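After the C-alpha cells below, expect a handful of questions from me.
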Protein chains: 2
Amino acid sequence: MARETGSRIGLLAVAKEAGVSIATVSNTLNRPDVVSAATRARVLAVIAKMDFVPNTAAASLRRGSNRLIGLVVPDISNPFYSEIARGVTAAADRHRYGVILCNSQDDPDRELDQLEMLAEHRAAGALVVPLTADNRRLSRLRSLGTHLVLIDRESPDGCSTSIDDVLGGRLAAQHLLESRDADFVLVNGSHSIPQCADRRTGARAALSAAGRDPDSLVEYEVDDMTTEAGVEIAERLLEKELPSGVFCTNDLLAIGLMRGLAHHGIAVPDRVAIVGYGDLAPAADAPIPLTTVDQPKFALGNAAVEMMLAEITEKDDTHRHSATVFRPTLVVRDSAPARKNS
Amino acid sequence: MARETGSRIGLLAVAKEAGVSIATVSNTLNRPDVVSAATRARVLAVIAKMDFVPNTAAASLRRGSNRLIGLVVPDISNPFYSEIARGVTAAADRHRYGVILCNSQDDPDRELDQLEMLAEHRAAGALVVPLTADNRRLSRLRSLGTHLVLIDRESPDGCSTSIDDVLGGRLAAQHLLESRDADFVLVNGSHSIPQCADRRTGARAALSAAGRDPDSLVEYEVDDMTTEAGVEIAERLLEKELPSGVFCTNDLLAIGLMRGLAHHGIAVPDRVAIVGYGDLAPAADAPIPLTTVDQPKFALGNAAVEMMLAEITEKDDTHRHSATVFRPTLVVRDSAPARKNS
DNA sequence: GTGAAAGCGCTAACAA
DNA sequence: TTGTTAGCGCTTTCAC
C-alpha cells in the first residue's frame, strides 16, 4: 500500500545493492529465463532483503495496461453472484490478477461510472453480469474498446460464459413428468428475463418430447421471484384442482410455495412434487430438501476469467469471440424424488 | 480498459485541442476551483468530445498512491461477508475509490500474497476481516506500512469497525429469560472464535443481571456452526429434560435445531423458544421465522471505508486510531415471541 | 547475459 | 489564472 514514509526503494536501489543494472533487476522479475542463474539468485536475495515491492503503477504506465480485471455484478450479496465472484477471484489469484469489484445494483448510470473507473485504471478488461436485457448499454461499452466478457448471458459480438437454461428447464420438467406421469404447473418470473424465457422453453420442450401438447402448460408469472411470491402462489394453486407437480424457476419461489402448501396441510412430495432452480444454500437446508437444478456458478466465474485472459493474450486479429455454455444438472432431493411414490 | 489501439490521447492532446497547457487540463480535473469557469467549460467540452480517459496509473505513479482499497474476506460467498462487501463498495463508489476484492479462504499464505499484491498496486489501504485470532499475521501486515482497518474484530494498534457481540449475546439471553421466565441452554461455536466467546459472555451477563448464577449456564459446543450441527444438537437436547429456551450463536445452528426438534414433534416456540444470531436471509424465511440478533453488516463495511479514508487524509502525526463498535439489535419473530405463551 | 537510455501520462512546484 | 518543467518507477529497444 501507500507506504507514506518508506517504500522509497525502487529498481535502482536494488540494482545498486546487487551490483547490476536496473534492466537486469526488471528482467529477473519479468523474464527470469533471460538472466543467468547466478545473477538471478543474487538479485532475488537483495529484493527479499530490502523488502522491495515493485510498483505496478509504473509498470502499467509503461505497458499501457494493468493486471487488474473488473467484475460488475448487479448485487454482490445475492448468493448467485457472490458464488460467481468466488470463481472469478480464484482464477484471478491463479494468474496473479487483481479483481476490482463493482456492485452496480443494476443501475445503468452506476454501471457506466464503474466501467469508466475501470477504464481509468486501465484494467485489462471487465467481466459483466447484466441483469436487464438492455443491449444498447453493452454495445456502448464494447465500443469503448474494452475487453468485455459477459457472464450468464450470451452476446453476439463478444465472448461470454453462460448456462444452458433451456436444458435446465428441460431437466426439471422431464423429472416431474417421469416421476409423476402427469402434467405439472410452471411458476415463472417475467419473460423479459432471458433466463426465465429459456427455462420455460425447456419445460415446453420436455412436454413435447413426452408426447404432450406444450400449449397445455399452465403458467403462473410473478413479478418478484421471492419466497413471499411463492407463498402467494400456493393460495392461487389451491383455488383450482391441485397439480401433482410444480416447477418453480427459482429456489426461493419453490421454498415459499412449500411453506404455503404446508400451511394448508398439503403434503410434499406425496400430494405435490416440487422442483426449484439454482441450488442455492436454502435449497438443501429447506425443511423438505428441495429437488432443484444446479447451476455451475463457480465455473462460470472461473471460465470468464480464462476467456478474458485468452482474449488479451491472443493477437487482436487472431481472436475469435466465443461462448462457453455450461450444462446444469438436476439435484434430486426429497421435494421431488426420483420414483413416483403416491 | 486497455484500449490496445486508441487511447493514445492524453493530457497533451486535450490541451492542444483546447488551446491550453496540460497543467490546466490537469487542474480542471483535479482542482476545478483553481481554473476560470470559462476555460474549465472549454476543457471539459474537449475532454468529452475527444473521449479522453485519464490514466490513473500515471497519476498514482506521481502521487505514490492509488484510489484503490483492498477488501480481504475469508469467503465472499458467505452472506455475512458479501453484505459487508456491499457496504464497502457503496462507500467506495461514493468516494470514487475502486475496491480490489481478495478472497483469502482464510488461508494465511494466500492472504499474504493478496496483501503483497495490494502493496504492488499501491492501494491506499486494506480492509480485512480476519477469521482466526492469529494476531502475528496482522501485525506483520501493519509493519509493512500499510493502512489497515480491521472489520468485525478490534485491534489494539489500529482502526477497526466491529459489532458489540457481548451486547448481542446479552440481548438474546435477556429475551429468553424474560419471555420464558426460566433458564435457557446455549449452543455455541468454539471459544477460540472471539465472537463466540463474546456472545457467551453476554449470555452470562444476562443471567447475572437476572439474579441467576452464570455458572449454571449449560452450553453445547459445536465445531462447525452449520445446519447439520444444529440438527444433531436437537438429538442431544432430547436425551435430557428439554430446556424451555435455546440461544444458538448463529442462525444456521438455530435453523437446524428447529428442524431437528420438528422431526420429533417438539413445538417451537410453545415447548422450546429459540433465538439465533446474525439475521441472515434464512432466518426470516425459515418455516417458523426465527427470532435473532441483527448485525449491521452493511454499516460495518461502510464505516470501515470512511475510517480508512480518514486515516489516509489526516496527517500521520495527527491520526489517532479508533474503534467503531456497532450495536446489534434483537429481531423478534415467531420462534421466540415477546410474551410468555405456553 | 547485461547495461544505457528513452519515454509511458501525469502532478506539483515554480514562474510568469 | 495559466504555462513550463522535472521527475514518479518501470519496461524495453538497442548496443555491447
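Reminder, nothing fancy here: chain letters follow the sequence lines and each chain counts from 1. Note that this is a predicted model, so its numbers are computed, not measured.
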| message | Taking B:I47's backbone N and O only, do any of them form a donor-acceptor pair with B:K49's side chain (distance below 3.5 Å, no angle check)? | response |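 No, because the side chain of B:K49 does not come within donor-acceptor range (under 3.5 Å) of the backbone of B:I47.
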
| query | Can you check the B:K16 NZ to D:dT4 P distance for me, whole Å? | reply |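 It works out to 12 Å between those atoms.
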
| Minimum-distance nucleotide to A:R63 side chain [options: D:dT12, D:dA6, D:dC10] |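 Nearest listed nucleotide: D:dT12.
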
| message | How many whole angstroms separate atom CG of B:N66 from atom C1' of C:dT11? | response |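 Spelled out: CG on B:N66 to C1' on C:dT11 is 14 Å.
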
| said: Applying a 4.0 Å non-hydrogen cut-off, can you work out what A:I22 is touching in the nucleic acid: base, sugar-phosphate, or nothing? | reply: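 Base contact.
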
| message | Without decimals, in angstroms, what is the distance between A:L11 CG and D:dG9 C1'? | response |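 Between C1' of D:dG9 and CG of A:L11: 7 Å.
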
| said: On DNA chain D, does the nearest nucleotide to B:R62 precede the nearest nucleotide to A:A59 from the 5' side, or the other way round? Give the residue. | reply: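 This one resolves to B:R62.
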
| request: Let me know the distance between CZ of B:F52 and P of C:dG9, rounded to the nearest Å. | output: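 Atom CZ in B:F52 sits about 10 Å away from atom P in C:dG9.
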
| said: Which nucleotide wins on minimum distance to the side chain of A:P54, given the candidates D:dC8, D:dT2, D:dC10? | reply: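 For A:P54, the side-chain atoms sit closest to D:dC10.
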
| message | If we ignore hydrogens and angles and just use 3.5 Å, is the side chain of A:R67 paired with the main-chain N or O of A:H95 as donor and acceptor? | response |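 Yes, because the side chain of A:R67 sits within donor-acceptor range (under 3.5 Å) of the backbone of A:H95.
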
| Modelled atom types, side-chain donor and acceptor of B:D106 and B:S104, under 3.5 Å |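 Side-chain D/A pair, B:D106 to B:S104: absent.
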
| salt bridge (charged side-chain N to carboxylate O under 4.0 Å, His left out) between A:E306 and A:R94, intermediate numbers included | CA-CA 10 Å; A:E306 300 294 352; A:R94 216 165 38 234; 2.8 Å; yes

| query | What does B:T39 touch in the nucleic acid at a heavy-atom separation under 4.0 angstrom: a base, only the sugar-phosphate, or nothing? | reply |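 Since only primed, P, OP1 and OP2 atoms lie under 4.0 Å of B:T39, the category is sugar-phosphate.
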
| message | Would you say B:S26 places a side-chain N or O within less than 4.0 Å of OP1 or OP2 belonging to C:dT11? | response |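 Result: yes.
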
| message | Rounding to an integer number of Å, can you tell me how far A:R122 CZ sits from C:dG9 P? | response |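 Rounding to the nearest Å, CZ of A:R122 and P of C:dG9 are 8 Å apart.
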
| request: Return the value, rounded to whole Å, for the distance between atom CG of B:L29 and atom C1' of C:dC10. | output: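 Computing the B:L29:CG to C:dC10:C1' distance gives 11 Å.
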
| message | When you measure from the side-chain N and O atoms of A:T24 to the phosphate of C:dG1, is any distance below 4.0 Å, counting only OP1 and OP2? | response |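 For C:dG1, OP1/OP2 do not have a side-chain N/O of A:T24 under 4.0 Å.
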
| task | Could you verify whether a donor N or O on one side chain and an acceptor N or O on the other, from B:Q114 and A:D93, lie under 3.5 Å apart? | result |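 Yes - a donor-acceptor pair under 3.5 Å links their side chains.
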
| field | Length of the CG-P vector between A:L12 and D:dC10, whole Å | value |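 In whole Å, D:dC10 P lies 9 Å from A:L12 CG.
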
| task | Would you indicate which nucleotide in D:dC8, C:dC8, C:dC10 comes nearest to any side-chain atom of B:N55? | result |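 For B:N55, the side-chain atoms sit closest to C:dC10.
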
| query | So what does B:A23 touch, heavy atoms closer than 4.0 Å: a base, only the sugar-phosphate, or nothing? | reply |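 Result for B:A23 = base.
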
| Atom-to-atom span, CG of B:N30 to C1' of C:dC10 - whole angstrom |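 Rounding to the nearest Å, CG of B:N30 and C1' of C:dC10 are 9 Å apart.
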
| query | DNA chain D: B:A58 or B:A37, which has the more 5' nearest nucleotide? | reply |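 Looking at the nearest nucleotide for each, B:A37 comes out on the 5' side.
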
| Sugar-phosphate, base or nothing in reach of B:N27, heavy atoms under 4.0 Å |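 No contact at all - B:N27 keeps every heavy atom at 4.0 Å or more from the nucleic acid.
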
